[in-house]
Amino acid sequence: MLSIYNTLTRKKEIFEPIHPSHVGMYVCGPTVYGDAHLGHARAAITFDLLYRYLKYLGYKVRYVRNITDVGHLENDADAGEDKIGKRARLEEIEPMEIVQRYTNHYHANMAQLGMLSPDIEPHASGHIIEQQQFAKKILENGYAYEMNGSVYFDVEKYNRKYHYGKLSGRKLEDLITNTRELEGQKEKKNPYDFALWKKMTPGHIMHWPSPWSEGYPGWHLECSVMSTRYLGEKFDIHGGGMDLLFPHHECEIAQSTAALGTESVKYWMHNNLITINGQKMGKSLGNAISLNEIRFFQEAIHYLKRLMILCPSVFLSFRHTTAVLLTFQTRQYRLRKKDWNDYGREWLCSTGLPLHPPGRLMPLLLNRKASMRLMMI
RNA sequence: GGUCGGUUGGCCGAGUGGUUAGGCAACGGUCUGCAAAACCGUGUACAGCGGUUCGAAUCCGCUACCGACCUCCA
């Protein structure tokens, strides 16, 4: 027996597949414009475990995990720009070259971690037609509208019949104030509407022809499309990181429901995030430790595996002071001074350990207790 | 506001129904010319309230704090 915490119902439920003996499972995979980091590993491991366990239980499982390799928005500074395109211009190579490189890296990392491969690993760029068809279907069903070559999802209309916000627990009226400013905001009926197809802006590298414009698919469409394509209109499990809960998965539900008239996913699962020094580890936050870096540590000092947390409070509790601090020292630049001033110092005070900033603390502790004492203030 | 977590003895940190986890610090001792090191010994803690159970840190509920996330993001 397997019970699963279902984000949709906010309850732990006993797992019962839609079709006896078969399980369909879709997991949001990486955006391949950079090295995979610990966060990717966590998601992969979480669902690798589930995949193995389901198979162990005797189910025939189809595990689908996508590769996101088409235009997604970056941030407010350069909103509307294709991430992969941007990176490619900087390095002056083909966008698909970047995609290929990081896809390869990702696969290598997953192999290093002993992960089973998904049964199907669809690329968003390989399903442009299907995405257009899906958008068309939503248009036909009246839950989207075209504006200047872009197609937007009509959230308000959808919400009249269905419930937008059921997964994340949001209310539509609260969303009005909390939507970020994006290019093309004015052409939307409502700020919370999202794009199914976006007309390209000049300089945008990855784009495809469509009935509406030369452009690229919306940010959430690929998952709705590829999941239902390979697992059917109804399937069992959809997984991903907690940070995808809203808006990504919420929009996915809306898209699928609007297109198919029925909800697709039975169990929604969200793994929690990895934080570093109390902050989410994220590609764009610049605090991510990549799997290649971890690989380096494992090779250099294998027994440090446990120390991936790298928080100043942890290392002092262990005997392996020397080893721990080696890591710590190498990683020093990742610890912000502020953390030490606000937290580390005060904390060290209560432990009776020497009050030194990391730079000076390091060599002291490397020589273990004796010197530590001598150097105490 | 929404979602998910956490709260263990001076400080860290294991532990998912039934033997004292462990470490650091502290204290006492052995040793030592004095220290340090080393070694021996000493601490019955699980946020609060209620429930389930023969039995709960561990399961359920409520309360209180703390935290992460909610923008492309695993």
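Lettering of chains follows the sequences in order, A, B, ..., and the numbering in each one begins at 1.
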What nucleic acid atoms does A:Gly39 come within less than 4.0 Å of, heavy atoms only: base, sugar-phosphate, or nothing?
base

So what does A:Gly240 hit on the nucleic acid, given a heavy-atom distance under 4.0 Å: a base, only sugar-phosphate, or nothing?
sugar-phosphate

Aromatic plane relationship, A:His220 with A:Phe194 - under 30° parallel, 30 to 60° tilted, over 60° perpendicular
perpendicular

Heavy atoms under 4.0 Å, any strand shown: does A:Leu273 hit a base, just sugar-phosphate, or nothing?
base

Looking at A:Lys266, I'd like to know if its NZ atom is crowded, meaning that more than 12 non-hydrogen atoms belonging to other residues, nucleotides or ligands lie closer than 6.0 Å.
yes

Taking the C1' atom in each of B:G41 and B:C46, what is the distance between them to the nearest angstrom?
25 Å

Using the rule given for side-chain contact (heavy atoms from CB on, under 4.5 Å), can you reason through A:Val265 versus A:Phe235, listing the C-alpha separation, both sets of side-chain angles and the distance that settles it, and then say yes or no?
CA-CA 5 Å; A:Val265 181; A:Phe235 59 94; 3.5 Å; yes

Give me the atom names and distance for the closest heavy-atom approach of A:Ser264 to A:Thr228.
OG-CG2, 3.6 Å

Applying a 3.5 Å limit to both distances, which nucleotide forms a Watson-Crick or G-U wobble pair with B:G1?
B:C70

Side chain of A:Arg170: nearest nucleotide among B:C72, B:A74, B:G1?
B:G1

Just call it for A:Gly29: base, sugar-phosphate, or nothing, with non-hydrogen atoms closer than 4.0 Å on any strand.
sugar-phosphate

For nucleotides 3-7 of chain B, print each protein N/O atom paired with a nucleotide N/O atom at under 3.5 Å, atom names and distance only.
residue, atom, partner, partner atom, Å
B:C4, OP1, A:Tyr5, OH, 2.1
B:C4, O2', A:Asn272, ND2, 2.9

Is there a Watson-Crick or G-U wobble partner for B:U19 with both distances under 3.5 Å, and which nucleotide is it?
none

